[in-house]
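Take a look at the structure below.
Ligands are counted one by one from 1 in listed order, and the atoms in each one are counted from 1 as well.
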Amino acid sequence: MHELTIIGNNIIKLDAVDSTNTYAATLLKNQKVTEGLIIQAIHQTAGRGQVGTNWHSLPGDSMTFSVILTPSFLSAQMQFYLNIAISLGVYEYMLSKNTKELLIKWPNDILVNRKKIAGILIENTLKEIQIQYSIIGIGLNVNTVIDNLLLTATSIFVETKRISRISDELKQLAQCLDKYYMLLRLQKFANLKENYLQHLLGFRTMQTIKLNGLEYNIRVIDVEHSGKIVLEKENGQQMTASFKEFQWVL
Ligand code: BTN
C-alpha cells in the first residue's frame, strides 16, 4: 500500500461547518498550515459546487472534505493538472469498490453507471505565475440511500449495498490522492494526462452532448493544458470548449 507522504497526515474533523473549502480559505488567511491538511465535516450547511452551485449531503452520509495543498512547483498555466491528478486519485479509490462502469466526466466529476458519485471543487490562489495555495474540495456519496439522491446521482451504498465507515474511507481516499499528487510533484504530466484521457467519458467513443440547444454526437480527442476539452463532431470538425459551454447527455 502507498505510504502517506503529504495528504492526510493531519485531519481536522468538524461536526458542522458552512463549507470545508470556505473554512480552509479562512484558516489559510489566519495561520500557517502544513501542506496536506484535511478539513473534514460531518455536516456542511452550505456546501459549494462548481460555478456557484450548491452541494447538498445529509449529515454523516458522505465524505465532505477539503485538502490544503501548496503546489508552488506548478505554474498557473498548468493548473488543470491538479484537476487531473485529483480526479485520478478519486477514480483509483472508486476502483477498489468494484462498481459498474466507472468514468471521469470532464472536467472532474466521477461517474458510476453514468451517475455522479463524487464532485470536486478546486480553488487556487495564484501568486504571480505560480500557484500559492490550492483548496481541493471533494464530496463523495458514501452511505446515501437512493431516496436521498438526485436521479442523476448515486452512492457507494446504492452501488454495492454495503455500509462503510466514513473515517476508514477517508483514509483510503487520502492514500489514493497522495499517490497522484506525488506523480504531479514529479511533473509526470504526460503520464497523468494519458491516464486521465483513458478514463474519460467519450474519449475516442461516440457520446451525445447538447450545445446551444442542439444535440451532437462527438468524440473527445484531447484536453489542452488550459483544461479546455477538444471534441470532434461526426463530420470530422473539431472544436474546443470550456466548462459549462455544453452539457453531456448521459
Ligand atoms: C461539484 O461537483 O460541483 C463540486 C462539489 C464539491 C463539493 C465539496 S464537499 C467538500 C467541499 N466543500 C465545499 O463546499 N464543496 C466541496
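- Of the protein's heavy atoms, Trp55 CE3, 3.4 Å lies nearest to atom 5 (C) of ligand 1.
- At the top of the distance list for atom 2 (O) of ligand 1, counting protein heavy atoms only, stands Lys116 NZ, 2.5 Å.
- Residue Asp109 has at least one heavy-atom neighbour below 4.0 Å for each of these atoms of ligand 1: 2 (O).
- Ser164 has its side chain within reach of Ile156: a pair of non-hydrogen atoms, C-beta onward, lies under 4.5 Å apart.
- Annotation: side chain to side chain donor-acceptor pair (under 3.5 Å) contacts of His43 (sequence neighbours excluded): none.
- Heavy-atom proximity to Ser19, at under 4.0 Å, picks out these atoms of ligand 1: 12 (N), 13 (C), 14 (O).
- Judged by distance alone, the side chains of Tyr180 and Glu92 do bring a donor and an acceptor atom under 3.5 Å apart.
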Does the side chain to side chain contact (heavy atoms under 4.5 Å, CB included) test come out yes or no for Leu121 and Ile138, once each step is laid out? CA-CA 6 Å; Leu121 173 66; Ile138 300 179; over 6 Å; no
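- In terms of protein heavy atoms, atom 12 (N) of ligand 1 is closest to Gln44 OE1, 2.8 Å.
- At a threshold of 4.5 Å between non-hydrogen side-chain atoms, the residues Leu103 and Ile110 do not count as touching.
- Taking the six-membered ring where the residue is Trp, Tyr91 and His199 present parallel rings, their angle staying beneath 30° rather than reaching 60°.
- Contacts between Ile120 and ligand 1 below 4.0 angstrom, taking non-hydrogen atoms only, involve the backbone exclusively.
- Using a 4.0 Å cut-off to heavy atoms of Gly49, the atoms of ligand 1 that qualify are 1 (C), 3 (O), 4 (C), 5 (C).
- Distances below 4.0 Å separate heavy atoms of Gly47 from the following atoms of ligand 1: 14 (O).
- Looking from atom 11 (C) of ligand 1 to the surrounding protein, the closest heavy atom is Thr20 OG1, 3.2 Å.
- Remark: Ile129 CD1 is loosely packed, at most 12 non-hydrogen atoms of other residues, nucleotides or ligands lying under 6.0 Å away.
- Nearest-heavy-atom check against atom 8 (C) of ligand 1 across Ser62, Gly139, Ser57 picks out Gly139.
- Residue-to-ligand polar distances place Arg48 within reach of ligand 1: an N/O pair is separated by less than 3.5 Å.
- Under the 3.5 Å distance criterion, the side-chain polar atoms of Thr53 are matched with a main-chain donor or acceptor of Gln50.
- Of all protein heavy atoms, the one closest to atom 3 (O) of ligand 1 is Gln50 N, 2.7 Å.
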